[in-house]
Amino acid sequence: MERKTAMKRESFYISTPIYYVNGEPHLGHAYTSIVADVLARYHRQSGIPTFFMTGTDEHGQKVEEAARAAGKTPKEFTDGMAELFKPLWKELNISNDHFIRTTDEDHEAVVAEVWKKMTDNGDIYLGEYEDFYCVHDETFWKEGQLLEGHLCPNPWCRRPVEKRKEKSYFFRLSKYQQPLLDYYREHPDFVLPEYRMNEVTSFVNGGLQDLSISRTSFSWGIPVPGDAEHVIYVWVDALFNYVSGIGYKSDRSRYEKFWPATVHLIGKDILRFHAIYWPAFLMSVGLPLPQHVYAHGFWNIEGQKMSKSLGNWINPREMVQTFGLDAFRYYLLREIPLGPDGDFMRSSLLNRINSDLANDLGNLLSRSVSMGFKFVSGVVPQPASEPDNQVARKALAVYAAYRESMDDLKTNKALSDIWELVSYLNRYIDEKAPWVMARDASKKRELEIVMYNLLEALRLISVMLKPFMPDSALKMLQQLGYENPDCDFDVAGRWGVLSEGMKLQKGSVLFPRIDIETVENKESAVTENKNETANIEKPAAPAPLAVSAAPAEKTLPEGLIEYDDFAKVQLKVGLVLEAEKVEGADKLLKLKVDTGEERTIVAGIALHYKPEQIVGKNIIVVANLKPRKLRGIVSNGMLLAATQKDGKLAIVTTDGPIEGGSRVG
RNA sequence: GGCGGAGUAGCUCAGUUGGUUAGAGCAUGCGGCUCAUAUCCGCAGUGUCGGGGGUUCAAGUCCCUCCUCCGCUACCA
């Protein structure tokens with residue numbers, strides 16, 4: 001973000017996405033909320049009116065189904081789920097000013113109202129959405145996806161489907177293609193980081209189609225005004241939380257103060273909704289657009305994607321119990337910049353805690369306070385008469401860098417700025433060797449000044465750390481003798497705030513060093529607790545323990561796979577019965593193939609084979625590949641072909657005739 | 001296939017508009033201090049800055065090409 005932008009901020013409104021309540025909160029949710037919290041706390045400390053909102057997204061078919069499965073009404077179900085998120089945010093010290101639920105009455109009223117506005121502006125029209133329903137699979141398919149004879153394209157089903165023409169309301173998204181592109185050009189920092197802006201622009205450049213924004217297949221949602229058959233598409237519903245939640249209808253003065261939002265913090269997976277649909281909706285309703293949409297990355301776990309099936313789920317609550325809240329918050333913000341993906345590694349977490357927090361910062365505080373008691377009677381000594389000294393200059397330079405980093409939302413840079421001062425102070429102590437001065441009465445005054453510099457610099461560090469580690473920062477300030485500290489930057493962002501005579505306090509170790517044994521003991525304690533605390537509400541799969549210390553037992557040389565992996569691929573011989581060019585596509589042939597059963601395959605070989613050249617040939621088909629729609633036609637499998645360096649292509653076939661459907665492998 | 005990004009010390013990365021012996025943190029080795037959470041400080045390194053070619057007095061930094069990885073996207077499957 002440009003420095004200029006940052007300087008202009010008169011208010012700061014930051015949002016997280018509202019989290020969909022079909023699952024338990026995990027590391028990803030916690031990360032977004034913690035980042036938003038840090039930024040919100042920072043801006044409050046800067047004296048800027050701040051509003052920080054998070055909440056839950058509670059409508060939609062999945063919730064309706066999950067509720068039914070749990071034997072509850074949707075409302076009962078979502079009430080329970082919302083109560084799962086709120087206490088976690090408390091535990092993580094999330095300082096949101098409001099928690100919105102899309103089932104809130106005034107939210108629903110806002111959505112109905114904006115729907116009407118979009119209708120009045122001619123941006124919503126009733127159209128038809130032709131669907132084919134497979135009763136067995138309970139799935140809707142589009143015409144182009146079906147197999148010949150209107151059969152379900154699921155290879156394990158292939159039953160006849162029913163035609164279901166559904167009426168649906170559409171939003172004229174196509175109309176906003178150019179306005180969006182214009183807006184992006186005028187506001188190149190609308191989407192952050194920059195490379196995400198490029199992605200969005202190129203997507204919109206590729207053309208936008210009108211968006212189906214109502215459903216009749218389920219009822220758990222906000223009804224379309226004037227047409228109770230339909231409920232409003234969840235994303236229309238969900239996105240407007242950002243204005244309803246600050247009082248678009250219920251609290252106009254708050255709304256006026258904070259809208260447009262400063263930044264919507266989101267995960268990269270929902271960028272399209274926030275960077276394309278959302279601004280188009282707002283343009284249609286005639287509301288100003290948010291200043292920034294910031295898409296952050298995902299956390300991998302020990303190099304692998306986080307997934308339930310891998311069992312590497314990270315439960316934030318367990319992290320907090322094992323390592324402490326502030327250490328956890330610190331790690332998430334320090335380890336990676338806000339934007340790219342990160343890797344959550346146990347070893348790097350322990351490393352950060354032991355090196356940065358325990359050895360560098362914790363020990364610095366500890367040795368400083370201890371010297372305070374030994375050498376200057378446990379009170380803040382008199383500062384130097386001339387405040388211009390190297391420590392003050394260094395501290396203020398770091399402070400300035402920190403402010404700039406934070407204003408630019410570079411949280412990890414801000415933390416490394418702070419640590420520059422931390423290690424500077426450790427060096428300062430070594431150079432000055434206060435324990436030597438203490439033996440020499442003539443050095444008394446010099447010793448006092450060194451001690452003052454140390455304590456005051458530590459105070460400034462605490463103030464800078466407060467958005468990241470609110471509890472630890474306060475503990476630090478307490479030990480430094482600063483009772484009832486004022487941390488607002490206009491008061492605290494200066495040199496010389498600690499005053500002579502303030503009484504230091506001995507405190508407990510701020511960040512204990514962690515050794516592996518301790519961690520393992522704690523972890524087993526957490527596991528035992530879990531039986532008591534878990535399953536308050538929902539049928540969640542038992543969450544696996546923290547991060548597994550032991551990676552896979554055996555690792556294969558790079559690039560090799562197990563036989564089992566290969567065996568998943570089902571190869572069959574296919575006899576090509578018919579072939580024709582796909583209309584409107586240069587490279588695609590549509591093949592009808594006998595692989596024991598008849599199936600349609602779309603292959604990108606039209607530049608190399610004419611339809612008649614391939615009919616009657618045996619091909620090798622990957623038979624259990626997930627069906628995929630190409631140019632409106634569902635392809636059930638893929639044929640094998642070899643490509644030469646220069647692009648020449650030849651299909652793989654059998655040596656002599658063999659029955660279609662024969663297994664290959 | 002198209003567009004974009006990345007490939008720098010064992011690991012994670014920083015390197016602004018091309019300009020002195022290429023940096024930080026962690027890990028490793030040696031030395032020092034004792035106020036401190038066996039913590040801290042100092043020193044030592046190792047790098048053909050992905051490969052090749054080019055522009056320039058001068059390139060990690062610009063241009064071309066190739067390789068590998070990642071993101072988005074598509075008439076890849």
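Labels below follow one simple rule: chain letters A, B, ... track the order of the sequence lines, proteins then strands, and each chain is numbered from 1.
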Could you check how far NE2 of A:H608 sits from P of B:G1, rounded to whole Å? 11 Å
Contacts of A:K413 that satisfy side-chain contact (heavy atoms from CB on, under 4.5 Å) - sequence neighbours left out: A:S405, A:K410, A:S416, A:D417
Pair A:V621, A:M638 - check side chain to side chain contact (heavy atoms under 4.5 Å, CB included), show working. CA-CA 6 Å; A:V621 175; A:M638 142 184 185; over 6 Å; no
In whole Å, what separates the P atom of B:A59 from that of B:G54? 12 Å
Check the distance between B:C26's C1' and A:I353's CD1 and give it to me in whole angstrom. 15 Å
How far does the P atom of B:G42 sit from the matching atom of B:G25, given to the nearest Å? 9 Å
Reading RNA chain B 5' to 3', what string of ( ), [ ], | and . shows its pairs, if Watson-Crick and G-U wobble pairs count only when both distances fall under 3.5 Å? (((((((..((((.....[...)))).(((((.......))))).....(((((..]....))))))))))))....
Please measure how far the P atom in B:C3 lies from the corresponding atom in B:C66, and state the result in whole Å. 13 Å
Given the C1' atoms of B:U68 and B:G52, what is the spacing between them in whole Å? 15 Å
Per-nucleotide protein contact along nucleotides 32-40 of chain B, 5' to 3', at a 4.0 Å heavy-atom cut-off (B base, S sugar-phosphate only, - neither), is BSSBBB-SB
Only counting residues at least two apart or in another chain, list the ones meeting side-chain hydrogen bond (donor to acceptor under 3.5 Å, both in side chains) with A:R445. A:E448
Should the heavy atoms of other residues, nucleotides or ligands under 6.0 Å from CD of A:Q209 be counted, would the total exceed 12? no
ring-ring contact (aromatic ring centres under 6.0 Å, His included) with A:Y609: which residues, sequence neighbours excluded? none
Taken to the nearest 0.5 Å, the spacing of A:N359 CG from A:N426 CG works out to 9.5 Å
Counterpart residues, ring-ring contact (aromatic ring centres under 6.0 Å, His included), relative to A:Y184 (two or more places apart): none
According to side-chain hydrogen bond (donor to acceptor under 3.5 Å, both in side chains), who are the partners of A:R196, at least two apart in sequence or on a separate chain? A:E199
Suppose you measure atom C1' in B:C40 against the same atom in B:A14; what distance do you get, rounded to whole Å? 25 Å
Results of side-chain hydrogen bond (donor to acceptor under 3.5 Å, both in side chains) for A:R185 - residues two or more places apart only: A:D182
Separation of the P atoms in B:G4 and B:C62, to the nearest angstrom: 15 Å
Between the protein and nucleotides 11-17 of chain B, are there any N/O to N/O pairs under 3.5 Å, and if so, what are the atom names and distances?
none

Summary of ring pair (Phe, Tyr, Trp, His ring centres under 6.0 Å) pairs that have at least one residue in residues 418-439 of chain A, sequence neighbours excluded: A:Y330-A:W419
In whole Å, measure the gap between the C1' atoms of B:A9 and B:U48 for me. 14 Å
Taking only the C1' atom of each, what is the distance from B:G10 to B:G29 in whole angstrom? 14 Å
Ring centroids only, cut at 6.0 angstrom: are A:H296 and A:Y31 within range, meaning strictly under it? yes
Take atom CD of A:Q209 and atom P of B:A74, then tell me their distance rounded to the nearest Å. 10 Å
Quick one, A:D326 with A:F468, criterion side chain to side chain contact (heavy atoms under 4.5 Å, CB included). Give me CA distance, side-chain angles, the key distance, then yes/no. CA-CA 7 Å; A:D326 281 352; A:F468 295 90; over 6 Å; no
Quick one: A:D417 CG to B:G25 P, roughly how many Å, whole number? 14 Å
Below 3.5 Å is the cut-off: list the nitrogen or oxygen pairs between protein and nucleotides 68-72 of chain B, distance only.
| from | atom 1 | to | atom 2 | distance (Å) |
| --- | --- | --- | --- | --- |
| B:G71 | O2' | A:R196 | NH1 | 3.3 |
| B:G71 | O2' | A:E199 | OE2 | 2.7 |

If you look only at distance, which donor and acceptor atoms sit under 3.5 Å apart when one is on a side chain in residues 372-384 of chain A and the other is two or more places apart or in another chain?
none

Whole Å only: how far is the CG atom of A:N198 from the P atom of B:A6? 11 Å
Atom NZ of residue position A:K268 - does it have more than 12 heavy atoms of other residues, nucleotides or ligands inside 6.0 Å? yes
